[in-house]
Structure formats: structure tokens, C-alpha cells
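Report on one structure; see the data block that follows.
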Amino acid sequence: AVVFELAEPRRENRWGLCVVSVGDSPCFVWQKKTGQVIEVTSASHSGQVRDMRESGGCLGTSMGQDPDIKNLICCYTTVSEGDAVFITSDGISDNFDPVTQLEGAQNGAKQAKRPERTQMAAAQSEHSAPKVPILTPGQRQTTLLSNISRLLNDLRRQMSQQELSAWEVNNAVIKYVIDITDTKRRYMEQAMKDIKNPTHSKAEKDVKELDFKVKLKSIKGKLDHATIVTYKIHSHDCAPDASVTASYLNIEL
């Protein structure tokens with residue numbers, strides 16, 4: 001992502017933001033004037049269901065020795081003084097999705113066909129999640145953006161500040177992701193120890209693995225690589241020692 005000053009700015013929009021993306025790492029802008037979060041890279045999935053199992057593309061080797069750039073897009077928007085631009089991995093953005101939060105179900109979702117389907121169904125009855133509304137791709141996207149906006153605006157009000165620094169934005173988002181995935185993380189750690197217990201027979205391990213897969217789906221959150229880079233839109237001194245309000249955080253969940 002690159003921010004540049006416009007040759008012919010319109011009103012307060014003095015800068016342009018250009019984002020190039022090949023995969024599922026979205027770019028957002030938290031607008032100071034409206035308090036809303038918009039996704040600049042929404043064209044990569046406009047009207048379509050995000051499949052969290054697919055990256056959408058990658059720069060590394062994907063198809064043989066070649067990168068996967070079939071989803072390559074270049075997006076542009078204008079930004080204003082005080083706006084926060086942040087790029088995240090899907091390990092962050094997907095945790096704001098209402099489906100990941102178990103507050104909604106994917107529209108048109110189908111049950112996968114597996115050999116152990118009957119056993120999975122039996123295990124499912126023990127961990128059945130409450131019924132949630134079926135959401136369209138548009139509704140999921142609107143809720144995702146609303147969830148991020150609410151998090152940042154609530155923090156700004158709590159701190160009685162007009163703006164949050166890039167570091168404060170990063171900290172708030174990372175803390176949210178760690179908190180929402182905490183229960184799933186603890187369950188996985190304990191369940192894997194139990195499954196690998198050498199005193200269990202193969203039949204017992206098979207039952208526990210099936211139960212583990214079903215129970216995991218009933219716990220909100222997505223455990224994945226989580227990275228966020230944030231920078232604020234400001235006029236900066238071009239002196240060599242000038243500070244830049246940018247921040248980067250990376251965590252393995």
C-alpha cells in the first residue's frame with residue numbers, strides 16, 4: 001500500500017491510497033471524520049462468500065514454481081488527515097467476521113461429505129451450537145466492518161481522545177484477536193494432549209478425534225497467523241530524524 005499527495009486535492013482529501021493485493025490480506029481505512037471503517041480491497045470478494053480455507057492467491061510458490069496471482073487487484077481511494085490505514089492478515093480480519101464469532105451462518109453452507117459423517121453427526125448432538133441467522137456475503141462484510149469500527153471508536157471514547165495512534169490501533173486489534181481466540185486455543189492445547197495420551201486405545205483415540213473436530217467448530221474464533229501494519233495520515237517533516245506514525249505487530253496464535 002502506498003499513500004501519496006494528490007496534485008489536485010479535493011477539499012480535505014489531500015492524499016490518495018493505492019493498494020495492490022494478491023490474496024486474502026485486506027486493507028482498511030478508519031476514517032477520522034465519520035468514525036467508520038471501510039475496506040479498500042473489497043473488490044477482491046465483492047458479492048462472493050469469503051472461503052477462509054483459500055488464500056485467494058500468494059506471492060510465493062503455489063502452482064509448481066509459480067506464484068498464484070489470479071486474484072491480483074489494484075485498488076484506489078482518497079484519504080484525509082488523521083485517517084488510519086491498516087493492513088491485516090486474515091488471521092485478524094476473519095476474527096471480526098460474524099460467522100467466525102458464531103453470530104451468523106454462511107449463506108449456502110453445505111456439510112462436507114466424509115466417511116465418518118454418521119459418527120460426526122452423533123458427536124455433533126453433544127455440542128450443538130445455538131441457531132443463528134443465515135447471512136449473505138454483503139451482510140457478513142457489513143457486520144465485519146461494523147465490529148472493527150465499534151472496537152476502535154469505543155477505545156477512543158474510553159481514552160477521551162480525538163485520535164488513536166497507529167500503535168494504539170494495533171494494540172487494540174491484536175488484544176481483541178487474542179481474547180476472542182483464547183478459549184479455542186486453550187481447548188486445542190488440552191485436547192491434543194488428551195488425544196496423544198499413550199494409554200488410549202486406537203478406538204478411543206478415534207472417538208476423541210471426532211469429538212475434538214466437532215467441539216472445535218462450536219468455539220468462536222479463528223487461530224491463524226496474525227499480522228497488522230498501521231499508519232496514520234499526517235503531514236510529516238522530511239528531515240532524516242523525523243518520526244513517522246507507523247506501527248507493526250505480528251503474533252502467532
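Count residues from 1 along the sequence. Computed from heavy atoms alone, side chains included, the values below leave out hydrogens, waters and symmetry copies.
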For Glu5, all residues meeting side chain to side chain contact (heavy atoms under 4.5 Å, CB included), sequence neighbours excluded:
Arg14, Trp15
Partner of Phe96 under side-chain contact (heavy atoms from CB on, under 4.5 Å), picked from Ile180, Leu151, Leu145, is Leu151
I'd like to check the salt bridge (Lys or Arg N to Asp or Glu O under 4.0 Å) partners of Lys193; sequence neighbours left out, ordered by chain and number.
none
With distance as the sole test, does Arg140 use its side chain to make a donor-acceptor pair with the main-chain N or O of Pro98 at under 3.5 Å?
no
Sequence neighbours left out, what passes side chain to side chain contact (heavy atoms under 4.5 Å, CB included) with Ser146? Give chain and number order.
Arg150
Co-members of Val2 in a cluster of I, L, V, M, F, W and Y side chains, linked at under 4.5 Å:
Phe4, Leu6, Tyr76
Partner set under side chain to side chain contact (heavy atoms under 4.5 Å, CB included) for Glu163, not counting sequence neighbours
Lys32, Lys232, His234
Going by the rule side-chain hydrogen bond (donor to acceptor under 3.5 Å, both in side chains), which residues pair with Ser160 if we only count those two or more places apart in sequence or in a different chain?
none
With rounding to the nearest 0.5 Å, note down the distance linking NZ in Lys222 to OG1 in Thr100.
7.0 Å
Could you list the residues that satisfy salt bridge (Lys or Arg N to Asp or Glu O under 4.0 Å) with Lys196, not counting sequence neighbours?
none
If you count every heavy atom of other residues, nucleotides or ligands that lies below 6.0 Å from Lys220 atom NZ, does the total exceed 12?
no
Contacts of type side chain to side chain contact (heavy atoms under 4.5 Å, CB included), residue Arg186, not counting sequence neighbours:
Asp182
Give, for atom CG of Asp90 and atom CG of Asp224, the distance between the pair rounded to the nearest 0.5 Å.
5.0 Å
Just jot down the side-chain hydrogen bond (donor to acceptor under 3.5 Å, both in side chains) partners of Thr34, sequence neighbours excluded, or say none.
Gln31
Show me the pairs that pass ring-ring contact (aromatic ring centres under 6.0 Å, His included) and involve residues 194-219, at least two apart or across chains.
Tyr187-Phe212
Mind checking what makes salt bridge (Lys or Arg N to Asp or Glu O under 4.0 Å) contact with Lys175, not counting sequence neighbours?
Asp179
Can you tell me which residue among Asp83, Val85, Val40 is in a side-chain contact (heavy atoms from CB on, under 4.5 Å) with Thr77?
Val40
In this structure, CD1 of Ile92 is separated from OG of Ser25 (nearest 0.5 Å) by 9.5 Å
In terms of heavy-atom contacts, Leu164 and Val169 come closest through CB-CG2, 4.0 Å
Residues forming a salt bridge (Lys or Arg N to Asp or Glu O under 4.0 Å) with Lys208, sequence neighbours excluded:
Asp194
